[in-house]
Number of protein chains: 2
Amino acid sequence: MAATPPPPGSPAWWAARPNPEALAAAAAEPRRGRPSLDTGHIVGTALRLVDEHGTQAFSLRMLADGLNSGTATLYRHFDGKDEILAYVVDRVLGEVDLDALSRSTDWREALTVTAHGFHDTLRRHPNTLPLLMAYVPVGPHGLAQRERVLAALLQHGLPADLAARAFTAVTHYVIGFTAQQYGPAAAPDHSAELAAFYGGLDPASYPALLEAARSLTSVAVDEEFEFGLTLLVRGLAHLAP
Amino acid sequence: MAATPPPPGSPAWWAARPNPEALAAAAAEPRRGRPSLDTGHIVGTALRLVDEHGTQAFSLRMLADGLNSGTATLYRHFDGKDEILAYVVDRVLGEVDLDALSRSTDWREALTVTAHGFHDTLRRHPNTLPLLMAYVPVGPHGLAQRERVLAALLQHGLPADLAARAFTAVTHYVIGFTAQQYGPAAAPDHSAELAAFYGGLDPASYPALLEAARSLTSVAVDEEFEFGLTLLVRGLAHLAP
DNA sequence: ACCTGAACACCGTTCAAGT
DNA sequence: ACCTGAACACCGTTCAAGT
C-alpha cells in the first residue's frame, strides 16, 4: 500500500518543501531564458487574478493566459492548483506589515499591532479569505510572522504559554471576523445591506435582534472589530502582569 | 441595464425568500407523487454528501445520483448550486443546540453556552466550514439562533449595544478558530502533525516560536478554544455590570 | 531535453425532446 | 404540464507529439 502524500498547504507538506531561504533565492533569481515564468511571478500573477476575479472564478487557464503560456507549462513549476494556492496564501501572509512591533512598548500594544497588521492585509485581499481558512498558515512567511510576534510578546515579559495562546486567539479572531465582514458573499456596501435587511424583518418575530440592531447607532464594521480585540487584550490582562 | 440579482446566501437574497414558516411548511410537506425530492430532502442529502466528501468534491451530479435523479431535475427546485449550498449552511446553523440558554443564570454563562453550542456543531460538520465563511449567516435558522442568544443576553441585563457586539465577537471567534483547527486542510491528527512540524524546525531560525510551542505541555485544541473564549467573556466583564 | 497542443474525464448549467 | 437525456462551454490534469 502506497502512503498517500500530504495535501498541499498542510504542515507535513510544507515540511517537505525547500527551506524558506532556498525558496526565496529561487523566486528572486529568474530562470534562464524564461524569466517570465519563475515561481515568484506565477504566484504573484495568481494572487492578482484571485484578487480581481475571486477564488471561484480563478482557473489555471486564466493564470496561463495571464502569463502568456499554457496550462501544461504550469505543471513544470508546481504540482497542481492546490500547490499554487498554498503559495498564494503564504504570499498574502508575507504582506502583513509588522514593523510597528519593534516600536511597541508592552505586550498589549504588540498584540493590538499584530491584529491590525493582519486585519489590514486581509482587507486588501478579501477574495483570498476562503483560502486562508482552508490552509494551515505554516508556509515560510506565515512562520516568519509567527516568530516575530511571539518574540515581541516574550520580550515584553509575557509568559511563553500565554503568548502562544494569545497569538492563536487573536489571529483566529481576526480571520473569523474579516471573513464574515469582507468575504466573497459580503457586498461592498455590506453594512448598508445588512441594515436594510434587519429593517425589513418582522418585529414580532425578532424583538431582541431588532433591539440590538437599533442600539448600534451604525453598523460600523471597524468599530466592531476593535471591540472584540479590546475584549481579548483586556481579558488577557487578568492572567498576566 | 438590468439590475444584477443578489448572490445566493446574501442578506438581500434571503430577504426575497419566502418567510421561514412557509419554508418549513413546504419542506415538511412531501410533494405529491415525488416525496423523495422535496427541498428538505435535497438539502439534507447535500449536507450529508458535503460531510462525507468535502466541499471540493461535492457536485450536482453526485447530489443527483444520491437522490436517484438527474442534475436537470435539481433546477426545478433550486436556481443552482450556490442556492443549494446557502440552504446547507442554514441547515447546519439549525443544528446548533442552544437549549442550555434557558438554564443560564447570567450573561457570561449565556455567552459561553452559545460559543460551545456553535463550536460543537461546527466540529460535527468540519467540511462545511468553508461554506460558513463564504455565506453571511442570515437564513431562517441563523436568524432564529441570533434572536435566541440576544434575547437571553438582554434578559440577563446586558445592555443592547454590548449584547450585539459580544455576539458578533464570540461567533466570529468560534468560526475563525474552528476553521483553522478542524478545516479541510487540518488532518484528523492535526495536533500531532503540528507538534511534529514544529519539532522539525531549525531552533536558530525560530527561537521564540519553539519556546512558545515547548511551553504548551500539549497542543490541546479544545483547551486553546476555551482560553480565547475566556478572554472574550472576561474582557466583556469590564464593560458590563 | 524541454515545452505544449490537444485530449481526457470531469464540472455547472441549459434546453429541446420526450412523456 | 412536467421531467430529463444530451449537449454546451467550461474545468484540472495528463501525455504524446512536437521542437
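Throughout, a chain's letter reflects where its sequence line sits, starting with A, and its residues are numbered from 1. All figures in this text were calculated on a predicted structure; none of them were measured in a lab.
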Are any of the side-chain heavy atoms of B:Met133 and A:Leu129 separated by less than 4.5 Å?
no
Is the distance between the ring centroids of B:Phe177 and A:Tyr173 less than 6.0 Å?
no
Reading nucleotides 13-19 of chain C from 5' to 3' and marking B where a protein heavy atom lies under 4.0 Å of the base, S where only the sugar-phosphate is that close, and - otherwise, the string is BBB----
Angle class for the B:Phe167/B:Phe118 ring planes (parallel below 30°, perpendicular above 60°, tilted otherwise)?
perpendicular
Roughly, in whole Å, what's the span from CG in B:Leu74 to P in D:dC3?
12 Å
Above 12 or not: heavy atoms from other molecules or residues under 6.0 Å from CD of A:Glu52?
yes
Of B:Glu147, B:Arg146, B:Arg148, which meets side-chain contact (heavy atoms from CB on, under 4.5 Å) against B:Leu150?
B:Arg146
Side-chain donor-acceptor pair under 3.5 Å between A:Glu95 and A:His125, yes or no?
yes
Provide, to the nearest angstrom, the distance between the CZ atom belonging to A:Phe58 and the P atom belonging to D:dC10.
17 Å
Nearest-Å distance for atom pair CG/C1', residues A:Leu67 and C:dT4:
15 Å
To the nearest Å, how far apart are B:Asn68 CG and D:dG5 C1'?
16 Å
In whole angstroms, how far is the P atom of D:dA9 from the CE atom of A:Met62?
18 Å
Keeping to residues at least two apart or across chains, list the salt bridge (charged side-chain N to carboxylate O under 4.0 Å, His left out) pairs with something in residues 55-70 of chain A.
none
What base-paired stems does DNA chain C take part in, with at least 3 consecutive Watson-Crick or G-U wobble pairs and both distances under 3.5 Å?
C:4-8 with D:12-16, C:12-16 with D:4-8
C:dG12 P sits how many Å from B:Leu63 CG, rounded?
10 Å
So, OP1 or OP2 of D:dC11: does either fall under 4.0 Å of a side-chain N or O from A:Ser59?
yes
Does OP1 or OP2 of C:dT4 have a side-chain N or O of A:Thr73 closer than 4.0 Å?
yes
Between A:Asp51 and A:Arg48, does any NZ, NE, NH1 or NH2 come within less than 4.0 Å of an OD or OE carboxylate oxygen?
no
I'd like to know if the side chain of A:Asp90 reaches the main chain of A:His141, judged simply by a donor and an acceptor atom lying under 3.5 Å from each other, with no hydrogens or angles considered.
yes
Let me know the distance between CZ of A:Arg76 and P of C:dC2, rounded to the nearest Å.
7 Å
